[in-house]
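Working notes for the structure below.
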Amino acid sequence: MIVCKFGGTSVASAEQIKKVASIVKANPERKIIAVSAPGKRSSDDIKVTDLLIDLANTALSGGDVETKIETVVKRYEAITEELGLDKTMSNIIANDLRERVSSNLSNRELFIDNIKASGEDNNAKLIAAYFNAAGMPAKYMSPKDGLIVNDLPERTFALPEAYENLRKLSEVEEIIVFPGFFGYTKAGILRTFDRGGSDITGSILASAVNADLYENFTDVDCVFSANPKVVNCPVEIKEITYREMRELSYAGFSVFHDEALMPVYKQGIPVNIKNTNNPSAPGTRIVPERTATGRPVTGISTDSGFSILYVSKYLMNREVGFGRRLLQIIEDENISYEHTPSGLDDISVIMRSNQLTSEIEDRIVKRVKEELSAENVYFRHDFSMIVIVGEGMRNNTGLAARAATAISQTGANIEMINQGSSEVSLVFGVRSQFETQILKALYNEFFSTITV
Ligand code: ASP
């Protein structure tokens with residue numbers, strides 16, 4: 001059995017949904033389909049999820065929601081009409097959205113999650129109706145029937161019982177069309193995953209039914225070894241391990257959500273990233289182990305938006321519990337950190353800047369100075385992480401030196417180097433202004449002589 005996920009651009013219009021139907025029809029193994037909300041039809045279009053977030057915020061601030069509801073409803077109407085479905089479906093969608101908008105505003109997060117999730121929920125109903133009309137027996141399935149999640153708004157996680165509950169889907173005769181992006185708590189409260197979270201739903205479903213394959217349909221032929229917007233015609237990745245993909249999607253490879261790897265990884269289910277607009281292209285396979293290609297580096301990713309908390313104190317290395325107490329202060333602000341490179345008398349804590357405000361920074365600096373008697377404590381901003389990834393990097397000497405030389409030739413200073421103990425990744429912290437130049441330089445260093 002194959003579980004498929006179709007992303008936003010794959011289900012953005014009637015034309016795209018027809019392609020989805022023919023892909024599903026082409027292989028009877030494709031039995032469970034997770035779908036996104038309609039995405040962008042062109043580069044200047046707006047995703048339905050973004051329209052819905054705007055609608056929710058307008059409702060919460062007491063603004064005029066009518067035109068915003070209309071805009072969303074019209075998107076679905078255009079699709080249903082072009083697919084030749086009767087008015088019933090667009091009426092169901094319009095009523096559903098209005099009902100959600102008129103629900104209780106007192107719990108802000110619940111309200112936003114509930115409106116946001118309607119994008120996928122209504123699209124799944126619509127697609128199931130179209131499959132049936134096209135002679136493909138299909139069934140819309142609500143996450144209420146088993147996708148149990150924890151109580152975190154906007155970034156929920158599936159609970160172990162979700163997998164148990166969803167196992168029964170493998171017995172359903174019809175093609176199941178399952179909305180991506182959300183689940184329900186045990187108390188029946190709707191919670192959404194992180195943005196791009198339909199990948200996570202597909203992965204949970206694949207794991208629950210122990211699928212032979214999880215096909216993730218998007219709008220590119222494959223995963224590239226570097227951002228094709230920066231590097232001209234980067235090498236296409238045909239096969240990549242879960243670990244490599246995890247490292248690359250952590251820092252900027254947005255093709256596949258990094259949280260989507262865990263469920264399939266645990267079961268060893270291979271993932272195939274494929275293109276809805278070119279389904280015969282083999283795509284990129286994400287597998288537990290891959291055959292060696294002879295090249296040490298598989299991909300290079302970059303991500304901006306990092307801040308560094310710098311802390312120094314003479315004889316820090318002799319002070320038992322210093323690191324723990326420092327990280328406790330960060331935890332008390334509910335901030336997750338990414339790296340903690342350290343020297344004898346200093347330590348830096350690297351975190352995503354979007355978790356910080358000037359008040360939070362002031363509180364952290366004050367507490368670290370007072371409670372840890374640190375000498376120098378300050379934040380620095382506008383850093384990027386450059387991540388070089390490859391299973392072949394293990395036992396390959398001289399790689400860090402090659403990377404550092406390539407970076408130095410751009411004139412950038414390396415502010416931090418971190419090699420994970422798995423040795424499949426090497427992370428460099430640099431000033432964001434150098435990010436693009438560095439990516440090009442590193443790509444040249446590790447890929448320019450390779451022909452695939
Ligand atoms: N529609 C949601 C988003 O735009 C989830 C997804 O498409 O995966 O983030």
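Only this structure's heavy atoms are used, side chains among them; waters, hydrogens and symmetry mates stay out. Note that ligands are numbered from 1 as they come in the structure, with each ligand's atoms numbered from 1 the same way.
The main-chain N or O of Pro28 is never found under 3.5 Å from a side-chain atom of Lys31 such that the two would form a donor-acceptor pair.
Checking each of Asp221, Thr218, Thr9, Asp219 against Asn275 for a side chain to side chain donor-acceptor pair (under 3.5 Å) leaves exactly one that passes, namely Asp221. Screening Val223, Ile240, Val387 for a side chain to side chain contact (heavy atoms under 4.5 Å, CB included) involving Leu248 leaves a single residue, Ile240. Partner Asp50 forms a salt bridge (Lys or Arg N to Asp or Glu O under 4.0 Å) with one of Lys116, Arg195, Lys40 and no other, that one being Arg195.
Heavy atoms of Gly197 come nearer than 4.0 angstrom to ligand 1 in at least one pair. Look at Lys116 and you'll find every heavy atom at least 4.0 Å from all atoms of ligand 1.
In terms of polar-atom proximity, Lys47 is counted as a contact of ligand 1, with an N or O under 3.5 Å from an N or O of the ligand. The shortest N/O to N/O separation between Gly196 and ligand 1 falls below 3.5 Å. The distance criterion of under 3.5 Å between nitrogen or oxygen atoms is not met by Lys5 with respect to ligand 1.
Protein heavy atom at the shortest distance from atom 6 (C) of ligand 1 is Ser198 OG, 3.4 Å.
For Glu423, the CD atom counts as densely surrounded, since its 6.0 Å shell holds more than 12 non-hydrogen atoms of other residues, nucleotides or ligands.
Contacts between His257 and ligand 1, counted as non-hydrogen atom pairs separated by less than 4.0 Å, are absent for every part of the residue.
A cation-pi contact, defined as under 6.0 Å to the ring centre and within 45° of the axis, is absent between Arg295 and Phe446.
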